Engineer: 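Quick one: the structure is below, questions incoming.
We use all heavy atoms of the structure for the numbers below, so side chains are in, but hydrogens, waters and symmetry mates are not. Keep in mind that what you see is a predicted model, and the values were worked out from it rather than measured. Note that ligands are numbered from 1 as they come in the structure, with each ligand's atoms numbered from 1 the same way.
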Amino acid sequence: MSDKLQKIIEERGPIKKIGVLGMGYVGIPAAALFADVDKFEKVLGFQRNSASSGYKIDMINAGESPLKGEEPGLEDLLRKVTGSNKFECTPDFSRIAEMDAVTLAIQTPFENPTDLIPDFGALIEGIRNVGRYLTPGTLVVLESTITPGTTNGMAKEILEEESGLIAGEDFALAHAPERVMVGRLLRNIQEHDRIVGGIDNTSTERAIELYSPVLTKGKIIPMTSTAAEVTKTAENTFRDLQIAAANQLALYCESMGINFYDVRAGIDSLKGEGITRAILYPGAGVGGHCLTKDTYHLERGIEIAGKTPLDYPENADSIYVLARKVNDFMPNHMFKLTEDALASVGKSVKGSKIAMLGWAFINDSDDARNPPSEPLYDLLIEAGAEVRIHDPHVLDYPNVTIEKDLNAVVDGADVIAILTGHSDYFKLNPADIKTTMGKDKPVIIDGRNVVDPTKFIDSGFVYRGIGRGDVN
Ligand code: SAJ
């Protein structure tokens with residue numbers, strides 16, 4: 001604990017002004033919630049006035065949310081905190097110098113997962129901007145999901161280089177990873193426990209002061225910055241691993257001609273103290289901005305933050321990376337099911353009309369970051385199929401046409417393939433769909449266990465479903 005930093009912070013007094021870099025799915029709700037705290041005087045949202053995202057500045061200052069999709073409570077809160085001038089969005093990064101605390105919520109994709117090379121370009125630019133205007137006693141918090149060792153490594157170095165100040169001596173530095181899901185951003189920030197990891201105790205204490213007032217049901221869980229980085233990357237890696245375990249079991253069930261969901265109910269029935277059997281759900285693939293990359297951040301953590309050589313079985317793959325491979329394989333399996341089903345009615349993928357239902361990576365959302373539907377679409381096009389895409393929520397996506405009229409998309413199709421579990425698709429009526437397809441032997445491929453196979457088979461469909469070896 002540096003007494004010097006402690007002293008500077010005491011002289012500076014309680015946190016009053018907060019800056020948030022990155023006006024996206026994490027930064028905007030976080031900034032609005034900070035601004036809604038009485039004891040915080042002012043919140044600035046820093047947004048580059050770039051061609052691609054500069055439009056957000058005026059929208060936010062007009063109390064409107066530039067985020068796509070339903071976000072309960074966000075627009076009302078934005079109108080409230082911009083109306084009272086507690087929250088303002090600005091492209092003027094020099095005002096960082098006025099802030100007592102600055103958070104960074106900037107995307108951290110991977111450039112090349114195989115070689116574990118992240119694309120930290122946007123994050124580094126953000127950290128440099130903070131470093132340029134950093135003043136003694138300021139708290140800097142990384143909220144982005146990052147490779148373990150980044151806060152106390154790359155981020156600290158850049159901030160010190162740009163500011164000439166010393167982390168832990170002149171300014172506080174911490175990692176407090178976001179844990180939000182689209183469609184419930186505000187609630188997730190208020191109700192999930194908050195992991196707070198400083199590079200030292202003073203930094204952790206200052207970060208606790210920042211986040212405590214925003215929490216309603218959630219509590220603060222303090223730890224070191226590296227432990228916080230591992231907590232975040234590992235919780236997503238474990239979820240991805242659980243999904244991969246379900247996907248692998250589903251593939252086994254198909255091979256053995258049994259129903260995954262019977263097995264799942266069976267396994268899930270073993271209850272009692274200490275017995276947790278969190279079996280997740282198999283499906284057409286894993287998408288989104290988080291599970292598709294956080295495993296690689298964790299893996300890279302060994303390189304960046306490893307202090308002693310890793311002791312691990314020789315020539316054995318990381319089970320986490322293997323899980324990524326299994327989940328990335330599922331669109332290929334959807335293609336295989338489509339090919340098999342068409343062959344069973346004497347057709348091939350080439351020349352067949354395929355109606356893909358669902359482009360979003362998650363149900364009832366318009367979020368189409370890394371959608372599992374895309375690799376399947378590419379495989380079908382490559383194989384010479386004619387593909388039309390329906391999604392009730394996603395407006396547009398590069399290089400594909402997303403349609404809103406379900407009947408038009410299904411009209412004349414040989415196959416309908418369900419990729420996303422949107423609520424609309426649970427209401428599909430087999431007889432109506434068959435009529436619209438106008439085929440004697442229409443095919444349905446269910447990648448999200450949305451439809452009742454019996455109803456479709458009884459209506460004359462050839463059915464294939466992930467994990468449904470009993471009826472495929
Ligand atoms: N999926 C399955 N089977 C399942 C659950 C999900 O195939 O049983 C698929 C979904 O269809 C989707 C993908 O996985 O394509 C990701 O789904 P998700 O429900 O994990 O959604 P994310 O990625 O938006 O949310 C995750 C969450 N992480 C954990 O629960 C550990 C969320 O809490 C995080 O805040 C978020 O990542 C993030 O931002 O890191």
Engineer: I'd like to check which ligand 1 atoms, numbered from 1 as shown, lie under 4.0 Å from a non-hydrogen atom of E235.
Structural biologist: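 Listed by number with element: 31 (C).
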
Engineer: Near N236, which atoms of ligand 1 are under 4.0 Å from a heavy atom of that residue?
Structural biologist: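 Going through ligand 1 atom by atom, the ones under 4.0 Å from N236 are 26 (C), 27 (C), 28 (N), 29 (C), 31 (C), 37 (O), 38 (C), 40 (O).
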
Engineer: May I ask you to identify the nearest protein heavy atom to atom 7 (O) of ligand 1, giving residue, atom name and distance to one decimal place in Å?
Structural biologist: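 That would be R448 NH1, 3.3 Å.
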
Engineer: Tell me, please: is H289 in heavy-atom contact with ligand 1, that is, under 4.0 Å?
Structural biologist: no

Engineer: Quick one: do R79 and D76 make a salt bridge, cutoff under 4.0 Å?
Structural biologist: yes

Engineer: Say whether K232, considering both its backbone and side-chain N or O atoms, lies within less than 3.5 Å of an N or O atom on ligand 1.
Structural biologist: yes

Engineer: To the nearest 0.5 angstrom, please state how far the CD atom of E88 sits from the CZ atom of F46.
Structural biologist: 9.0 Å

Engineer: Who's the nearest protein heavy-atom neighbour of atom 32 (C) of ligand 1, and how far?
Structural biologist: M181 CG, 3.4 Å

Engineer: So, R179 and E235, do they make that salt bridge, N to O below 4.0 Å?
Structural biologist: yes

Engineer: Which option, G288, A234, G285, owns the non-hydrogen atom nearest atom 9 (C) of ligand 1?
Structural biologist: G285

Engineer: Please determine if K86 and D36 form a salt bridge, counting it only when a charged side-chain N lies under 4.0 Å from a carboxylate O.
Structural biologist: no

Engineer: Heavy atoms only: which of R369, R239, R179, E178 is nearest to atom 20 (O) of ligand 1?
Structural biologist: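 Going through R369, R239, R179, E178 one by one, R239 has the nearest heavy atom to atom 20 (O) of ligand 1.
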
Engineer: At a 4.0 Å threshold, what atoms of ligand 1 neighbour a non-hydrogen atom of L291?
Structural biologist: 20 (O), 23 (O), 26 (C), 37 (O)

Engineer: Can we say E125 and R128 salt-bridge, meaning some charged N sits less than 4.0 Å from an Asp/Glu carboxylate O?
Structural biologist: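 Here E125 does not pair with R128 in a salt bridge, since their nearest N and O are not under 4.0 Å apart.
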
Engineer: Quick test of your reading of the structure: of S144, C290, A246, whose heavy atom lies closest to atom 39 (O) of ligand 1?
Structural biologist: C290

Engineer: So which protein heavy atom does atom 16 (C) of ligand 1 come closest to, and at what separation?
Structural biologist: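 The answer is G287 O, 3.8 Å.
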
Engineer: Determine, step by step, whether Y211 and F34 satisfy the ring pair (Phe, Tyr, Trp, His ring centres under 6.0 Å) criterion, reporting the C-alpha distance in whole Å, the side-chain angles of both residues, the deciding distance to 0.1 Å, and the verdict.
Structural biologist: CA-CA 8 Å; Y211 288 100; F34 283 139; 5.8 Å; yes

Engineer: If you have a sec, work out which protein heavy atom is nearest atom 34 (C) of ligand 1 and how many Å separate them, to one decimal?
Structural biologist: V180 O, 3.6 Å

Engineer: Is K353 salt-bridged to D414, cutoff N-O under 4.0 Å?
Structural biologist: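 No, K353 and D414 are not salt-bridged.
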
Engineer: What residue and atom, counting heavy atoms only, is the protein's closest point to atom 1 (N) of ligand 1, and at what distance?
Structural biologist: I243 CD1, 3.6 Å

Engineer: Step by step, would you call E254 with N472 a side-chain contact (heavy atoms from CB on, under 4.5 Å)?
Structural biologist: CA-CA 8 Å; E254 286 179 35; N472 282 358; 3.9 Å; yes

Engineer: Are Y377 and V400 packed together at the side-chain level, in the sense that at least one heavy-atom pair is separated by less than 4.5 angstrom?
Structural biologist: yes

Engineer: Which of the numbered atoms in ligand 1 are under 4.0 angstrom from any heavy atom belonging to L280?
Structural biologist: 8 (O)

Engineer: Given Y25, Y281, F361, identify the one with the heavy atom nearest to atom 4 (C) of ligand 1.
Structural biologist: Y281

Engineer: Suppose we measure from atom 17 (O) of ligand 1 to each protein heavy atom; which comes out shortest, and what is that distance?
Structural biologist: I362 CD1, 3.8 Å

Engineer: When you look at NZ of K404, are more than 12 heavy atoms from neighbouring residues, nucleotides or ligands closer to it than 6.0 Å?
Structural biologist: yes

